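Down below is the structure, laid out as structure tokens.
A note on names: the letters A, B, ... follow the listed sequences, proteins ahead of strands, and every chain is numbered from 1. All values reported here derive from a predicted model rather than from experimental measurement. Hydrogens, waters and symmetry mates play no part in the numbers below; they use all other heavy atoms, side chains included.
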Amino acid sequence: MDNRFLIDSKDLPFCKGCGHAGVAQNTEKALQKMGYNPLDVIFVTDIGCHGIIDKSLRSHTVHGLHGRSVALAGGIAAGLPKDSGKKVVVFIGDGGATIGMQHLLVAAHHNFPMTVVIHNNMLYGMTGGQPSEFTPCGFNTPTAPNRSAIGAIDMVRLMEGVGAAYVSRISGIGDFSDELVEAFSQPGFSLVEVMEICPSYGVKSNPGMKLKQVIESSGLQLHKNKLERSVNHNETYSGFNNSLLTDKLVVEKEFDPVIKGTVRILLGGSAGEGTQSAAEFLARTAMLSGLYATKKGHYPVTVGVGFSAAEVIISDKPIYYSGSTKPDYMLITSQDGLEYAMPRIKKSDTSVILLDSSLETPETASTVISTDLRSKAGSRNAAMLSVFKLIKDYGILSEASLLTAFSRNKLSTKVPVETFTANI
Amino acid sequence: MTETINKQMAFIDGSRLITEACVRAGAEVFVGYPITPANLLYSYANQRYPAMMAAPDEITTLQWMTGYASLGKLPVTATSFPGYALMIESINMALMMELPMVIILVQRLGPATGTATNGAQGDLAVVHGSISGGFQLPTFCISNLQDCWEMSAKAVETAIKLRTPVVLLTSKEMVMTQMSFDLTKLTEIKKSELAVFEGDNLYKSYETKENLIPSFLPVTQNQHQVRFTASTHNKEGILQNTTPEALDNTRRLKAKLDLHLDEFLFYELDETESAETIILSFDITAQASREALHKLRDAGEKVDLLVAKTLFPMPDKYHQILASYKKVIIAEENLDGQYRHLLYGSKPPSHIKGVNAIGRMIQPEEIIKEVNSNG
């Protein structure tokens with residue numbers, strides 16, 4: 001079998017003297033040493049001079065967006081069957097590694113089975129030699145010679161910081177296939193930073209400077225580090241496989257409906273005080289009587305503070321619009337809920353408002369019933385008590401359906417029903 | 001009179017139906033970054049998809065999805081505008097690579113972070129303009145719980161059959177509001193599968209036949225070389241400048257959708273004889289429109305309703321339907337009628353009316369008022 005990875009290793013699409021050619025040739029040599037065939041390898045590349053290698057490869061190639069090749073390869077590596085026998089190799093430049101730095105950290109953090117080869121020529125070669133975050137101290141670039149005073153990000157050290165299983169920085173001169181073999185042999189994530197000088201811009205801006213000299217003066221030592229880690233394949237992420245549509249969702253009709261037409265209820269309370277649960281309970285109780293029901297929640301982005309409101313509609317006819325601009329009943333259990341409902345309270349003239357007795361009675365043409373909710377049931381159960389009171393006092397559903405629904409509600413295992421029945 | 005006999009009424013939210021439908025239709029992995037109001041979809045995904053990946057951001061989300069898609073596994077994500085904005089370049093990549101996936105976009109009130117817990121229909125122009133060069137993403141929209149089931153399945157099926165990213169557009173109230181729903185109305189969903197290349201002859205990743213859809217092979221192939229690329233490319237998938245073959249391939253991305261548009265054209269037309277007014281709506285506002293329609297007809301008005309479920313590419317069929325009415329009312333929860341302008345341009349004719357709102361749901365009464373107005 002033809003085990004060439006490059007269509008023609010002597011005819012590569014790079015400038016004369018470019019280190020990218022050396023990376024391609026050494027990669028081929030390393031993979032051949034390991035016994036891989038071309039179709040065993042998936043090369044993922046992106047934008048930059050290195051990325052034009054695709055057309056010269058006989059392996060699978062995936063060519064993506066600038067800086068995103070590591071993330072793209074992460075999806076491939078994570079999704080590969082464990083026994084696929086495929087090797088994922090990412091070619092990326094220092095520009096791409098700058099844009100996609102988070103992707104590198106995340107891939108190493110997850111220990112995806114793949115090898116990233118950074119072609120670090122210390123500047124953006126495709127666009128005119130601008131500095132990258134990998135441009136070291138003392139290394140000039142055509143467009144911003146003083147930028148080099150900042151120095152380079154030490155990617156190898158950074159990757160060690162997130163627990164990369166294998167990292168190395170090597171010089172891109174001569175035969176470095178054995179170093180690549182070592183990286184490619186890792187079962188999990190590995191990264192090799194290959195240091196190069198761009199012949200078009202790096203050499204011209206730094207006449208007479210040698211790669212060895214740049215590496216020594218920059219403080220970026222040639223370096224290797226290895227950690228023992230388990231490998232992440234997609235099995236790690238496998239979830240459950242059971243239908244979400246279970247019989248438990250079904251609410252069968254057990255009682256005759258009391259109301260005809262549609263009743264709209266607004267519950268206004270505070271986050272963490274059971275407003276949404278009470279609203280859902282009310283809707284489910286209505287369904288026990290064969291009624292249609294909707295429940296729409298409204299709350300701020302904060303989880304444990306602020307208002308928590310819900311609009312419930314119950315009807316003997318199918319419900320289309322689930323909003324409730326003019327509620328027939330408003331169950332207000334806290335100051336947050338009162339403030340939320342205030343615009344509707346002020347506008348309404350036909351509502352019945354059950355208001356916790358601790359709250360100041362608002363100005364409204366509607367009927368306000370001040371009642372002990374929080375003091376009788378506690379802040380966490382005040383909303384549920386308001387639902388009990390609504391059903392008992394206004395008869396929109398049967399009491400039998402209420403008690404049956406409560407006996408099936410998880411709250412019944414924590415709070416005795418008398419907490420509610422004794423206070424209505 | 002209640003109608004509960006022989007029904008299986010469940011109290012359910014749209015996110016549950018969307019998730020179940022996507023998996024049954026062939027979705028194999030959910031990749032997600034949490035965002036309000038799409039979090040229920042993320043939660044259900046964790047219980048249902050064969051594989052689930054928690055991404056660190058939305059760019060990575062789309063990249064991981066594309067990686068999975070290159071293996072022949074259909075990925076799904078759910079997000080809202082801030083996340084979608086980050087995804088756009090990568091969606092362009094997936095479109096160019098012709099790798100299928102479904103992006104569920106749950107609209108919320110913008111601009112920017114806006115109000116995360118408030119619904120909206122303000123992302124139509126963004127979705128319509130997502131692809132550089134004027135190409136389109138098949139975009140479906142959910143108008144009720146039944147659609148959560150059916151359109152989700154169609155989104156997966158269309159992505160797989162046409163090898164393209166598909167947007168499933170919805171909004172906060174559609175995926176979070178719980179409603180009683182008859183489970184017996186759920187139709188069977190068949191799993192879709194990619195059309196895979198067969199044979200020993202040379203495989204070219206982007207070679208097509210009459211249907212303009214390239215046969216698929218995953219990068220796990222042992223016999224044929226497979227190439228995917230986001231850059232302008234020839235049939236082999238090799239980067240080109242602007243060669244005729246490469247530009248033909250790029251043009252094909254539009255022609256592919258045009259050729260198959262009828263296969264993924266979904267809408268609901270509730271028409272009566274001799275109505276001169278029609279309401280056009282979609283997403284959660286379609287529910288307000290349905291209620292308005294019933295009330296208007298109960299009052300003896302003759303009004304029709306068109307619920308758009310395939311939003312993009314813009315179906316010519318909608319123009320054909322709407323052309324026969326003297327008054328067209330387009331109800332959508334955004335500032336100035338995005339779909340209205342996409343249908344009729346920057347200055348719609350005077351008989352094309354908009355009912356719009358931001359920060360709240362459009363009420364049936366507002367639509368009724370516009371139907372009854374003389375303007």
Chain B contacts, top residue of A293(A), P300(A), G323(A) (heavy-atom pairs, under 4.5 Å):
A293(A)
Is it the backbone or the side chain of I362(B) that comes under 4.5 Å from a heavy atom of chain A, or both, or neither?
backbone
Chain B: which of S84(A), S243(A), A73(A), G51(A) shares the most heavy-atom pairs with it under 4.5 Å?
S243(A)
Out of Q225(B), M179(B), M361(B), which one racks up the most heavy-atom pairs below 4.5 Å with chain A?
Q225(B)
Using side-chain heavy atoms (C-beta onward) and a distance below 4.5 Å, is Y33(B) in contact with T77(B)?
no
What part of V251(A) gets within 4.5 angstrom of chain B, counting heavy atoms only: side chain, backbone, both, or neither?
both
Would you check if there is a donor-acceptor pair between the side chains of S322(A) and Q287(B) at a distance under 3.5 Å?
no
When F181(B), Y44(B), F11(B) are compared by non-hydrogen pairs under 4.5 Å with chain A, the top option:
F11(B)
Give a yes-or-no answer on whether the side chains of S90(B) and Q63(B) include a donor-acceptor pair shorter than 3.5 Å.
yes
Checking heavy atoms, do the side chain of R360(B), its backbone, both or neither come under 4.5 Å from chain A?
neither
Pair count under 4.5 Å, heavy atoms only, with chain A: among R290(B), M93(B), R16(B), highest is R16(B)
Heavy-atom pair count under 4.5 Å with chain B, highest-scoring of I76(A), I47(A), V70(A):
I76(A)
Between L57(A), N37(A), D247(A), I52(A), which residue shows the highest count of heavy-atom pairs closer than 4.5 Å to chain B?
L57(A)
Does a side chain donor of either S43(B) or N46(B) reach within less than 3.5 Å of an acceptor in the other side chain?
no
Angle class for the H294(B)/Y320(A) ring planes (parallel below 30°, perpendicular above 60°, tilted otherwise)?
parallel
Between E173(B) and K296(A), does any NZ, NE, NH1 or NH2 come within less than 4.0 Å of an OD or OE carboxylate oxygen?
yes
Okay, D57(B) and chain A: the region with an atom under 4.5 Å from a heavy atom over there is side chain
What orientation do Y340(A) and F307(A) show, parallel under 30°, tilted 30 to 60°, or perpendicular over 60°?
parallel
Would you say that T61(A) contacts T45(A) through its side chain, given a criterion of any heavy-atom pair below 4.5 Å between the two side chains?
no
Among T294(A), L65(A), V301(A), which has the most heavy-atom pairs under 4.5 Å with chain B?
L65(A)
Name the option with the most non-hydrogen atom pairs under 4.5 Å to chain A; the candidates are E20(B), E28(B), K172(B).
E20(B)
Among L244(A), D40(A), L249(A), residue most engaged with chain B (heavy-atom pairs, under 4.5 Å):
L244(A)
Under 4.5 Å from any heavy atom of chain A, what part of T60(B) do you find: side chain, backbone, both or neither?
both
What verdict does the side-chain contact (heavy atoms from CB on, under 4.5 Å) test give for L145(B) and K185(B), after you've listed the backbone C-alpha separation in whole Å, the side-chain angles of each residue and the deciding distance to 0.1 Å?
CA-CA 10 Å; L145(B) 289 182; K185(B) 285 184 177 174; over 6 Å; no
When T229(B), V219(B), I59(B), I238(B) are compared by non-hydrogen pairs under 4.5 Å with chain A, the top option:
V219(B)
Interface moiety of K86(A) toward chain B, non-hydrogen atoms closer than 4.5 Å
side chain
Between K295(B) and E365(B), does any side-chain N to carboxylate O distance fall below 4.0 Å?
yes
Is the shortest distance from a Lys or Arg side-chain nitrogen in R264(A) or E311(A) to a carboxylate oxygen in the other one below 4.0 Å?
no
Selection from M176(B), M97(B), M65(B) maximising heavy-atom pairs under 4.5 Å formed with chain A
M97(B)
